[in-house]
2 protein chains.
Amino acid sequence: MPIMTNPTSTADKILQCARSLIIAGGYNGFSYADIAEVVGIRKASIHHHFPSKVDLVRTLLEQYREEAKAGIAALERYNPDPADQLRAYTDYWATCIADPTSAFCVCALLASQIPVLPPEIVVEVRAHFRTLSAWLTAVLEEGATQERFVLSGTARSEAEGFVAGVHGAMLSARAYGDDKVFKVVTDSLIERLMADRS
Amino acid sequence: MPIMTNPTSTADKILQCARSLIIAGGYNGFSYADIAEVVGIRKASIHHHFPSKVDLVRTLLEQYREEAKAGIAALERYNPDPADQLRAYTDYWATCIADPTSAFCVCALLASQIPVLPPEIVVEVRAHFRTLSAWLTAVLEEGATQERFVLSGTARSEAEGFVAGVHGAMLSARAYGDDKVFKVVTDSLIERLMADRS
DNA sequence: GACAAATATTCTACTAGAAGGTAGATATGC
DNA sequence: GCATATCTACCTTCTAGTAGAATATTTGTC
(Lines give C-alpha, C1' and ligand atoms only; values in the text may rest on other atoms or scores of the structure.)
Protein backbone atom coordinates (compact mmCIF):
# COMPACT_ATOMS: atom_id res chain seq x y z
CA MET A 1 0.00 0.00 0.00
CA PRO A 2 1.54 3.32 -1.06
CA ILE A 3 2.05 6.03 1.55
CA MET A 4 0.17 8.53 -0.57
CA THR A 5 -1.76 8.22 -3.79
CA ASN A 6 -1.70 10.78 -6.55
CA PRO A 7 -3.85 13.76 -5.47
CA THR A 8 -6.04 13.20 -8.52
CA SER A 9 -5.59 9.49 -9.02
CA THR A 10 -7.74 7.56 -11.45
CA ALA A 11 -9.79 6.16 -8.58
CA ASP A 12 -10.49 9.72 -7.36
CA LYS A 13 -11.49 10.84 -10.84
CA ILE A 14 -13.87 7.89 -11.10
CA LEU A 15 -15.41 8.69 -7.71
CA GLN A 16 -15.74 12.38 -8.56
CA CYS A 17 -17.35 11.60 -11.90
CA ALA A 18 -19.73 9.02 -10.43
CA ARG A 19 -20.74 11.53 -7.78
CA SER A 20 -21.76 14.17 -10.27
CA LEU A 21 -23.57 11.57 -12.37
CA ILE A 22 -25.55 10.41 -9.32
CA ILE A 23 -26.36 14.03 -8.50
CA ALA A 24 -27.80 14.35 -12.00
CA GLY A 25 -29.90 11.21 -12.09
CA GLY A 26 -29.45 8.84 -9.17
CA TYR A 27 -28.26 5.25 -8.90
CA ASN A 28 -29.86 3.94 -12.08
CA GLY A 29 -29.20 7.14 -13.99
CA PHE A 30 -25.59 6.37 -14.92
CA SER A 31 -23.46 3.48 -16.13
CA TYR A 32 -19.81 2.42 -16.16
CA ALA A 33 -19.76 3.45 -19.82
CA ASP A 34 -20.73 7.01 -18.87
CA ILE A 35 -17.86 7.23 -16.39
CA ALA A 36 -15.39 5.66 -18.82
CA GLU A 37 -16.17 8.30 -21.42
CA VAL A 38 -15.74 11.25 -19.05
CA VAL A 39 -12.61 9.97 -17.29
CA GLY A 40 -11.05 8.79 -20.55
CA ILE A 41 -10.44 5.13 -19.70
CA ARG A 42 -12.14 1.86 -20.58
CA LYS A 43 -14.99 0.28 -18.63
CA ALA A 44 -12.81 -2.65 -17.55
CA SER A 45 -10.36 -0.27 -15.86
CA ILE A 46 -13.14 1.02 -13.63
CA HIS A 47 -13.89 -2.54 -12.55
CA HIS A 48 -10.25 -2.88 -11.48
CA HIS A 49 -10.66 -0.01 -9.00
CA PHE A 50 -14.25 -0.79 -8.04
CA PRO A 51 -15.23 -4.41 -8.80
CA SER A 52 -18.97 -3.71 -8.73
CA LYS A 53 -21.26 -0.71 -8.96
CA VAL A 54 -22.21 -1.20 -5.31
CA ASP A 55 -18.51 -1.03 -4.32
CA LEU A 56 -18.13 2.20 -6.26
CA VAL A 57 -21.19 3.91 -4.82
CA ARG A 58 -20.53 2.68 -1.28
CA THR A 59 -16.97 4.06 -1.42
CA LEU A 60 -18.27 7.30 -2.86
CA LEU A 61 -20.77 7.64 -0.03
CA GLU A 62 -18.19 6.87 2.67
CA GLN A 63 -16.01 9.61 1.17
CA TYR A 64 -18.97 11.99 0.89
CA ARG A 65 -19.93 11.44 4.51
CA GLU A 66 -16.36 12.08 5.65
CA GLU A 67 -16.28 15.31 3.66
CA ALA A 68 -19.62 16.34 5.12
CA LYS A 69 -18.42 15.70 8.69
CA ALA A 70 -15.19 17.61 8.00
CA GLY A 71 -17.21 20.43 6.45
CA ILE A 72 -19.45 20.65 9.50
CA ALA A 73 -16.42 20.62 11.82
CA ALA A 74 -14.77 23.44 9.84
CA LEU A 75 -17.98 25.41 9.77
CA GLU A 76 -18.34 25.11 13.55
CA ARG A 77 -14.73 26.18 14.03
CA TYR A 78 -15.16 29.38 12.00
CA ASN A 79 -18.66 30.19 13.27
CA PRO A 80 -19.07 30.14 17.06
CA ASP A 81 -22.60 31.53 16.79
CA PRO A 82 -25.31 28.88 16.13
CA ALA A 83 -27.20 31.18 13.75
CA ASP A 84 -24.00 31.76 11.76
CA GLN A 85 -23.51 27.98 11.59
CA LEU A 86 -26.94 27.50 10.04
CA ARG A 87 -26.27 30.36 7.62
CA ALA A 88 -22.88 28.90 6.67
CA TYR A 89 -24.58 25.56 6.05
CA THR A 90 -27.33 26.94 3.81
CA ASP A 91 -24.91 29.34 2.07
CA TYR A 92 -22.69 26.39 1.26
CA TRP A 93 -25.61 24.66 -0.45
CA ALA A 94 -26.70 27.87 -2.17
CA THR A 95 -23.33 27.98 -3.96
CA CYS A 96 -23.48 24.23 -4.72
CA ILE A 97 -26.84 24.64 -6.40
CA ALA A 98 -25.34 27.09 -8.90
CA ASP A 99 -23.07 24.28 -10.18
CA PRO A 100 -24.92 21.42 -11.96
CA THR A 101 -22.25 18.87 -10.92
CA SER A 102 -22.96 19.50 -7.23
CA ALA A 103 -26.47 20.89 -7.24
CA PHE A 104 -27.96 18.25 -4.92
CA CYS A 105 -27.00 16.35 -1.80
CA VAL A 106 -25.96 12.87 -3.00
CA CYS A 107 -27.63 11.25 0.00
CA ALA A 108 -30.84 13.22 -0.38
CA LEU A 109 -31.06 12.20 -4.03
CA LEU A 110 -30.40 8.56 -3.27
CA ALA A 111 -32.87 8.63 -0.37
CA SER A 112 -35.68 9.22 -2.86
CA GLN A 113 -34.81 5.90 -4.53
CA ILE A 114 -34.34 3.82 -1.39
CA PRO A 115 -36.88 1.11 -2.37
CA VAL A 116 -34.76 0.14 -5.41
CA LEU A 117 -31.33 0.65 -3.83
CA PRO A 118 -28.95 -2.13 -2.71
CA PRO A 119 -29.01 -2.41 1.11
CA GLU A 120 -25.31 -1.47 1.45
CA ILE A 121 -26.17 1.90 -0.11
CA VAL A 122 -29.28 2.42 2.00
CA VAL A 123 -27.35 2.14 5.28
CA GLU A 124 -24.94 4.90 4.20
CA VAL A 125 -27.76 7.19 3.09
CA ARG A 126 -29.65 6.61 6.33
CA ALA A 127 -26.50 7.24 8.38
CA HIS A 128 -26.00 10.59 6.64
CA PHE A 129 -29.52 11.69 7.53
CA ARG A 130 -28.89 10.75 11.16
CA THR A 131 -25.58 12.63 11.23
CA LEU A 132 -27.23 15.70 9.77
CA SER A 133 -30.21 15.72 12.10
CA ALA A 134 -28.01 15.02 15.14
CA TRP A 135 -25.77 17.97 14.26
CA LEU A 136 -28.70 20.33 13.64
CA THR A 137 -30.38 19.20 16.87
CA ALA A 138 -27.20 20.14 18.77
CA VAL A 139 -26.97 23.51 17.00
CA LEU A 140 -30.60 24.33 17.79
CA GLU A 141 -30.19 23.27 21.42
CA GLU A 142 -27.11 25.42 21.75
CA GLY A 143 -28.91 28.38 20.14
CA ALA A 144 -31.88 27.92 22.46
CA THR A 145 -29.61 27.77 25.52
CA GLN A 146 -27.94 31.01 24.40
CA GLU A 147 -31.40 32.49 23.86
CA ARG A 148 -30.52 33.28 20.25
CA PHE A 149 -33.19 30.87 19.01
CA VAL A 150 -36.79 30.39 20.02
CA LEU A 151 -37.90 26.81 19.39
CA SER A 152 -41.59 26.00 18.86
CA GLY A 153 -41.16 22.27 19.51
CA THR A 154 -38.29 20.06 20.60
CA ALA A 155 -34.83 20.74 19.17
CA ARG A 156 -35.04 17.36 17.48
CA SER A 157 -38.34 18.02 15.72
CA GLU A 158 -37.20 21.51 14.69
CA ALA A 159 -34.00 19.94 13.33
CA GLU A 160 -36.02 17.44 11.26
CA GLY A 161 -38.06 20.35 9.94
CA PHE A 162 -34.87 22.17 9.00
CA VAL A 163 -33.42 19.13 7.19
CA ALA A 164 -36.70 18.63 5.36
CA GLY A 165 -36.89 22.31 4.43
CA VAL A 166 -33.35 22.34 3.01
CA HIS A 167 -33.83 19.15 0.97
CA GLY A 168 -37.26 20.26 -0.22
CA ALA A 169 -35.76 23.60 -1.27
CA MET A 170 -33.13 21.76 -3.35
CA LEU A 171 -35.96 19.86 -5.01
CA SER A 172 -37.96 23.00 -5.74
CA ALA A 173 -34.87 24.74 -7.17
CA ARG A 174 -34.39 21.80 -9.52
CA ALA A 175 -38.10 21.62 -10.40
CA TYR A 176 -38.35 25.31 -11.28
CA GLY A 177 -34.85 25.47 -12.72
CA ASP A 178 -34.42 28.51 -10.50
CA ASP A 179 -31.70 28.79 -7.82
CA LYS A 180 -33.36 31.71 -6.04
CA VAL A 181 -36.15 29.66 -4.50
CA PHE A 182 -33.55 27.77 -2.45
CA LYS A 183 -32.30 30.94 -0.82
CA VAL A 184 -35.81 32.28 -0.21
CA VAL A 185 -36.88 29.08 1.56
CA THR A 186 -33.71 28.55 3.61
CA ASP A 187 -33.47 32.21 4.65
CA SER A 188 -36.98 32.01 6.08
CA LEU A 189 -36.06 28.69 7.73
CA ILE A 190 -33.35 30.48 9.72
CA GLU A 191 -35.26 33.73 10.19
CA ARG A 192 -38.13 32.09 12.03
CA LEU A 193 -35.75 30.58 14.58
CA MET A 194 -34.28 33.96 15.55
CA ALA A 195 -35.23 35.33 18.95
CA ASP A 196 -35.05 38.99 17.92
CA ARG A 197 -37.77 38.86 15.28
CA SER A 198 -40.35 41.58 15.73
CA MET B 1 -62.89 5.36 -29.74
CA PRO B 2 -65.23 3.72 -27.22
CA ILE B 3 -67.54 5.88 -25.17
CA MET B 4 -66.23 4.47 -21.94
CA THR B 5 -63.38 2.11 -21.26
CA ASN B 6 -63.49 -0.71 -18.74
CA PRO B 7 -63.14 0.81 -15.24
CA THR B 8 -59.93 -1.19 -14.83
CA SER B 9 -58.86 -1.48 -18.44
CA THR B 10 -55.43 -2.81 -19.33
CA ALA B 11 -54.24 0.72 -20.07
CA ASP B 12 -55.32 1.81 -16.58
CA LYS B 13 -53.59 -1.16 -14.99
CA ILE B 14 -50.40 -0.30 -16.88
CA LEU B 15 -50.59 3.34 -15.77
CA GLN B 16 -51.31 2.38 -12.17
CA CYS B 17 -48.44 -0.10 -12.14
CA ALA B 18 -46.01 2.33 -13.78
CA ARG B 19 -46.98 4.96 -11.24
CA SER B 20 -46.12 2.79 -8.26
CA LEU B 21 -42.89 1.68 -9.92
CA ILE B 22 -41.87 5.33 -10.47
CA ILE B 23 -42.76 6.09 -6.86
CA ALA B 24 -40.37 3.32 -5.84
CA GLY B 25 -37.40 4.22 -8.01
CA GLY B 26 -38.00 6.98 -10.55
CA TYR B 27 -37.88 7.08 -14.33
CA ASN B 28 -34.87 4.80 -14.79
CA GLY B 29 -35.89 2.53 -11.92
CA PHE B 30 -38.41 0.47 -13.88
CA SER B 31 -38.79 -1.19 -17.28
CA TYR B 32 -41.54 -2.43 -19.59
CA ALA B 33 -40.58 -5.95 -18.46
CA ASP B 34 -41.35 -5.00 -14.83
CA ILE B 35 -44.81 -3.75 -15.79
CA ALA B 36 -45.48 -6.76 -18.01
CA GLU B 37 -44.78 -9.13 -15.14
CA VAL B 38 -47.04 -7.31 -12.66
CA VAL B 39 -49.95 -6.71 -15.06
CA GLY B 40 -49.66 -10.20 -16.56
CA ILE B 41 -49.21 -9.30 -20.22
CA ARG B 42 -46.28 -9.21 -22.64
CA LYS B 43 -44.00 -6.24 -23.20
CA ALA B 44 -45.26 -5.80 -26.77
CA SER B 45 -48.82 -5.33 -25.49
CA ILE B 46 -47.71 -2.35 -23.42
CA HIS B 47 -46.22 -0.79 -26.53
CA HIS B 48 -49.65 -1.10 -28.17
CA HIS B 49 -51.17 1.14 -25.49
CA PHE B 50 -48.14 3.38 -25.01
CA PRO B 51 -45.75 3.30 -28.01
CA SER B 52 -42.80 4.64 -26.03
CA LYS B 53 -41.81 5.00 -22.39
CA VAL B 54 -42.11 8.77 -22.73
CA ASP B 55 -45.73 8.36 -23.92
CA LEU B 56 -46.50 6.18 -20.94
CA VAL B 57 -44.98 8.47 -18.35
CA ARG B 58 -46.39 11.64 -19.93
CA THR B 59 -49.89 10.13 -19.91
CA LEU B 60 -49.39 8.98 -16.34
CA LEU B 61 -48.37 12.50 -15.31
CA GLU B 62 -51.30 14.15 -17.10
CA GLN B 63 -53.61 11.78 -15.24
CA TYR B 64 -51.79 12.38 -11.95
CA ARG B 65 -52.06 16.14 -12.34
CA GLU B 66 -55.78 15.88 -13.07
CA GLU B 67 -56.28 13.76 -9.96
CA ALA B 68 -54.27 16.23 -7.92
CA LYS B 69 -56.37 19.17 -9.14
CA ALA B 70 -59.58 17.24 -8.47
CA GLY B 71 -58.28 16.31 -5.03
CA ILE B 72 -57.51 19.92 -4.23
CA ALA B 73 -60.95 21.02 -5.47
CA ALA B 74 -62.65 18.38 -3.30
CA LEU B 75 -60.56 19.30 -0.31
CA GLU B 76 -61.48 22.98 -0.71
CA ARG B 77 -65.17 22.06 -1.01
CA TYR B 78 -65.19 20.08 2.23
CA ASN B 79 -62.91 22.47 4.16
CA PRO B 80 -63.91 26.13 4.01
CA ASP B 81 -61.25 27.03 6.58
CA PRO B 82 -57.74 27.56 5.11
CA ALA B 83 -56.06 25.85 8.08
CA ASP B 84 -58.31 22.81 7.60
CA GLN B 85 -57.37 22.78 3.93
CA LEU B 86 -53.67 22.57 4.79
CA ARG B 87 -54.39 19.87 7.35
CA ALA B 88 -56.46 17.88 4.86
CA TYR B 89 -53.58 18.14 2.39
CA THR B 90 -50.89 16.92 4.79
CA ASP B 91 -53.21 14.28 6.27
CA TYR B 92 -53.80 12.95 2.76
CA TRP B 93 -50.06 12.51 2.30
CA ALA B 94 -49.63 11.06 5.78
CA THR B 95 -51.94 8.19 4.80
CA CYS B 96 -50.23 7.81 1.39
CA ILE B 97 -46.87 7.41 3.08
CA ALA B 98 -48.11 4.36 4.97
CA ASP B 99 -48.62 2.57 1.62
CA PRO B 100 -45.38 1.78 -0.28
CA THR B 101 -47.15 1.99 -3.67
CA SER B 102 -48.09 5.63 -3.05
CA ALA B 103 -45.53 6.78 -0.50
CA PHE B 104 -44.16 9.67 -2.56
CA CYS B 105 -45.43 12.39 -4.87
CA VAL B 106 -44.67 11.16 -8.41
CA CYS B 107 -43.73 14.68 -9.50
CA ALA B 108 -41.50 15.31 -6.49
CA LEU B 109 -39.66 12.07 -7.14
CA LEU B 110 -39.21 12.82 -10.83
CA ALA B 111 -38.13 16.39 -10.06
CA SER B 112 -35.03 15.02 -8.35
CA GLN B 113 -34.02 13.40 -11.66
CA ILE B 114 -34.81 16.32 -13.96
CA PRO B 115 -31.30 16.53 -15.50
CA VAL B 116 -31.69 13.03 -16.98
CA LEU B 117 -35.41 13.24 -17.83
CA PRO B 118 -36.89 13.66 -21.33
CA PRO B 119 -38.11 17.26 -21.80
CA GLU B 120 -41.76 16.18 -22.25
CA ILE B 121 -41.65 14.78 -18.72
CA VAL B 122 -39.89 17.82 -17.26
CA VAL B 123 -42.64 20.20 -18.40
CA GLU B 124 -45.32 18.13 -16.61
CA VAL B 125 -43.28 17.93 -13.41
CA ARG B 126 -42.60 21.65 -13.47
CA ALA B 127 -46.27 22.40 -14.13
CA HIS B 128 -47.28 20.35 -11.09
CA PHE B 129 -44.95 22.33 -8.86
CA ARG B 130 -46.45 25.56 -10.18
CA THR B 131 -50.00 24.31 -9.61
CA LEU B 132 -49.15 23.30 -6.08
CA SER B 133 -47.41 26.52 -5.14
CA ALA B 134 -50.15 28.64 -6.75
CA TRP B 135 -52.81 26.82 -4.76
CA LEU B 136 -50.88 27.09 -1.49
CA THR B 137 -50.19 30.78 -2.13
CA ALA B 138 -53.94 31.35 -2.50
CA VAL B 139 -54.71 29.36 0.66
CA LEU B 140 -52.16 31.33 2.67
CA GLU B 141 -53.43 34.65 1.31
CA GLU B 142 -56.98 33.70 2.21
CA GLY B 143 -55.87 32.61 5.68
CA ALA B 144 -53.98 35.88 6.18
CA THR B 145 -56.99 37.92 5.05
CA GLN B 146 -59.18 36.06 7.54
CA GLU B 147 -56.52 36.67 10.20
CA ARG B 148 -56.29 32.93 10.82
CA PHE B 149 -52.66 32.89 9.62
CA VAL B 150 -49.73 35.15 10.39
CA LEU B 151 -47.29 35.22 7.48
CA SER B 152 -43.61 36.09 8.06
CA GLY B 153 -42.88 36.83 4.39
CA THR B 154 -44.99 36.99 1.24
CA ALA B 155 -47.71 34.38 0.74
CA ARG B 156 -45.72 33.14 -2.23
CA SER B 157 -42.48 32.60 -0.32
CA GLU B 158 -44.34 30.99 2.59
CA ALA B 159 -46.06 28.70 0.06
CA GLU B 160 -42.69 27.68 -1.42
CA GLY B 161 -41.48 26.96 2.10
CA PHE B 162 -44.55 24.81 2.71
CA VAL B 163 -44.08 22.83 -0.51
CA ALA B 164 -40.40 22.32 0.28
CA GLY B 165 -41.22 21.25 3.84
CA VAL B 166 -43.78 18.67 2.70
CA HIS B 167 -41.51 17.18 0.01
CA GLY B 168 -38.52 17.19 2.34
CA ALA B 169 -40.61 15.44 4.98
CA MET B 170 -41.49 12.70 2.46
CA LEU B 171 -37.79 12.30 1.78
CA SER B 172 -36.91 12.08 5.47
CA ALA B 173 -39.68 9.53 6.08
CA ARG B 174 -38.19 7.39 3.30
CA ALA B 175 -34.62 7.89 4.50
CA TYR B 176 -35.40 6.89 8.09
CA GLY B 177 -37.96 4.30 7.08
CA ASP B 178 -40.21 5.99 9.63
CA ASP B 179 -43.61 7.49 8.76
CA LYS B 180 -43.86 9.51 11.96
CA VAL B 181 -41.27 12.10 10.95
CA PHE B 182 -43.59 13.24 8.15
CA LYS B 183 -46.38 14.07 10.58
CA VAL B 184 -44.02 15.78 13.02
CA VAL B 185 -42.60 18.06 10.31
CA THR B 186 -45.88 18.88 8.57
CA ASP B 187 -47.76 19.50 11.83
CA SER B 188 -45.16 22.08 12.80
CA LEU B 189 -45.37 23.55 9.28
CA ILE B 190 -49.07 24.31 9.86
CA GLU B 191 -48.74 25.18 13.53
CA ARG B 192 -46.34 28.05 12.93
CA LEU B 193 -48.77 29.69 10.52
CA MET B 194 -51.57 29.82 13.09
CA ALA B 195 -52.46 33.22 14.47
CA ASP B 196 -53.58 31.93 17.87
CA ARG B 197 -50.25 30.42 18.92
CA SER B 198 -49.19 31.54 22.37
C1' DG C 1 22.73 2.14 -10.09
C1' DA C 2 21.36 -2.38 -12.54
C1' DC C 3 18.40 -6.23 -12.84
C1' DA C 4 14.67 -9.01 -11.97
C1' DA C 5 10.62 -10.30 -9.48
C1' DA C 6 6.37 -8.70 -7.96
C1' DT C 7 2.63 -5.75 -8.17
C1' DA C 8 -0.55 -2.34 -10.11
C1' DT C 9 -2.87 -0.56 -13.86
C1' DT C 10 -4.79 -0.53 -18.22
C1' DC C 11 -6.13 -2.62 -22.27
C1' DT C 12 -8.87 -5.65 -25.94
C1' DA C 13 -12.27 -8.84 -26.38
C1' DC C 14 -15.91 -11.03 -24.67
C1' DT C 15 -20.28 -12.69 -22.04
C1' DA C 16 -25.15 -13.02 -20.53
C1' DG C 17 -28.86 -10.61 -19.71
C1' DA C 18 -31.83 -6.49 -19.75
C1' DA C 19 -33.26 -2.28 -22.08
C1' DG C 20 -36.69 -0.04 -25.31
C1' DG C 21 -38.75 -1.02 -29.42
C1' DT C 22 -40.63 -3.39 -34.02
C1' DA C 23 -42.91 -6.83 -37.36
C1' DG C 24 -46.20 -9.47 -38.21
C1' DA C 25 -49.36 -13.23 -36.95
C1' DT C 26 -53.48 -14.34 -34.19
C1' DA C 27 -57.30 -13.63 -31.53
C1' DT C 28 -61.60 -11.06 -29.84
C1' DG C 29 -65.69 -8.38 -30.11
C1' DC C 30 -68.94 -5.33 -32.70
C1' DG D 1 -65.30 -7.07 -42.33
C1' DC D 2 -63.03 -4.12 -39.21
C1' DA D 3 -60.86 -2.17 -35.25
C1' DT D 4 -58.85 -3.34 -30.88
C1' DA D 5 -55.91 -6.06 -28.36
C1' DT D 6 -52.63 -9.52 -27.51
C1' DC D 7 -49.28 -12.60 -28.82
C1' DT D 8 -44.53 -14.78 -30.50
C1' DA D 9 -40.33 -13.71 -32.23
C1' DC D 10 -37.05 -10.72 -33.11
C1' DC D 11 -33.70 -6.44 -33.29
C1' DT D 12 -30.33 -3.15 -31.48
C1' DT D 13 -28.23 -1.08 -27.95
C1' DC D 14 -26.91 -0.86 -23.38
C1' DT D 15 -25.84 -3.11 -18.87
C1' DA D 16 -22.64 -4.84 -15.33
C1' DG D 17 -19.17 -7.82 -15.16
C1' DT D 18 -15.07 -11.27 -16.63
C1' DA D 19 -10.68 -13.32 -18.75
C1' DG D 20 -6.50 -12.70 -19.89
C1' DA D 21 -2.89 -10.24 -22.31
C1' DA D 22 0.02 -5.97 -22.41
C1' DT D 23 2.09 -2.27 -19.96
C1' DA D 24 3.73 0.46 -16.21
C1' DT D 25 5.35 0.95 -11.67
C1' DT D 26 7.19 -0.34 -7.50
C1' DT D 27 10.25 -3.13 -4.64
C1' DG D 28 13.82 -5.83 -3.28
C1' DT D 29 18.58 -7.60 -4.04
C1' DC D 30 23.10 -7.34 -5.45
Side-chain angles (χ1 to χ4, degrees), chain A residues 1-22 24-61 110 113 115-122, chain B residues 1-22 24-61 110 113 115-122:
Chain A
M1 198 184 296
I3 290 158
M4 78 170 288
T5 41
N6 190 319
T8 45
S9 67
T10 305
D12 283 342
K13 281 187 208 158
I14 293 166
L15 287 168
Q16 192 53 47
C17 178
R19 187 193 287 200
S20 57
L21 288 171
I22 288 178
Y27 191 81
N28 292 310
F30 77 102
S31 71
Y32 271 41
D34 296 330
I35 299 172
E37 199 181 351
V38 175
V39 177
I41 52 173
R42 299 301 162 124
K43 279 193 310 165
S45 306
I46 305 174
H47 281 285
H48 171 257
H49 295 281
F50 307 99
S52 77
K53 196 175 180 180
V54 172
D55 291 320
L56 169 58
V57 177
R58 189 176 28 73
T59 307
L60 175 163
L61 286 176
L110 290 176
Q113 305 173 4
V116 297
L117 254 34
E120 301 94 317
I121 306 304
V122 175
Chain B
M1 197 183 298
I3 291 160
M4 76 170 290
T5 42
N6 190 318
T8 46
S9 67
T10 304
D12 283 341
K13 280 186 208 159
I14 293 166
L15 288 169
Q16 192 54 46
C17 177
R19 187 192 286 200
S20 57
L21 288 171
I22 288 179
Y27 191 81
N28 292 310
F30 78 100
S31 72
Y32 270 41
D34 296 330
I35 298 172
E37 200 181 351
V38 176
V39 177
I41 52 173
R42 299 300 161 127
K43 279 194 310 165
S45 306
I46 305 174
H47 283 285
H48 168 72
H49 295 280
F50 307 100
S52 78
K53 197 174 180 180
V54 172
D55 291 320
L56 169 58
V57 177
R58 189 178 25 75
T59 306
L60 175 162
L61 286 176
L110 290 175
Q113 305 173 2
V116 298
L117 253 36
E120 301 95 316
I121 306 304
V122 175

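Each chain gets a letter, A, B and so on, in the order its sequence line appears, and its residues count up from 1. As the structure is a prediction and not an experimental result, all values here were calculated from the model.
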Taking all atoms of both residues into account, what is the closest heavy-atom pair of [X] and [Y], and its distance?
X	Y	answer
B:Gly25	A:Val116	CA-CG2, 3.6 Å
A:Tyr27	A:Pro118	OH-CG, 3.6 Å
B:Thr8	B:Lys13	O-CE, 3.6 Å

How long is the line joining [atom1] of [X] and [atom2] of [N], in whole Å?
X	N	atom1	atom2	result
A:Lys13	C:dT10	NZ	C1'	13 Å
B:Asn28	D:dC14	CG	C1'	12 Å
A:Ile46	D:dT18	CD1	P	14 Å
A:Ile14	C:dT10	CD1	C1'	11 Å

List the protein contact pattern of nucleotides 11-22 of chain C with one symbol per nucleotide (5' to 3'): B for base contact, S for sugar-phosphate-only contact, - for none; contact means a heavy-atom distance under 4.0 Å.
-> BB------SBBB
Can you list everything that forms a side-chain contact (heavy atoms from CB on, under 4.5 Å) with [X]? Sequence neighbours excluded, please.
X	answer
B:Ser20	B:Thr101
A:Ala44	none
A:Val38	A:Cys17

Hits for ring-ring contact (aromatic ring centres under 6.0 Å, His included) against A:Tyr32, two or more places apart or cross-chain, chain-then-number order -> A:His47
Sort and list the pairs that fulfil salt bridge (charged side-chain N to carboxylate O under 4.0 Å, His left out) and have at least one residue in residues 29-56 of chain B, not counting sequence neighbours.
->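 Those involving residues 29-56 of chain B are B:Asp55-B:Arg58.
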Check whether any side-chain nitrogen or oxygen of B:His48 sits under 4.0 Å from OP1 or OP2 of D:dA5, and answer yes or no.
-> yes
So, is A:Thr10 near the phosphate of C:dT10, with a side-chain N or O under 4.0 Å from OP1 or OP2?
-> yes
Using a cutoff of under 3.5 Å, can you pull out all pairs of nitrogen or oxygen atoms linking the protein to nucleotides 25-30 of chain C, with atom names and distances?
none

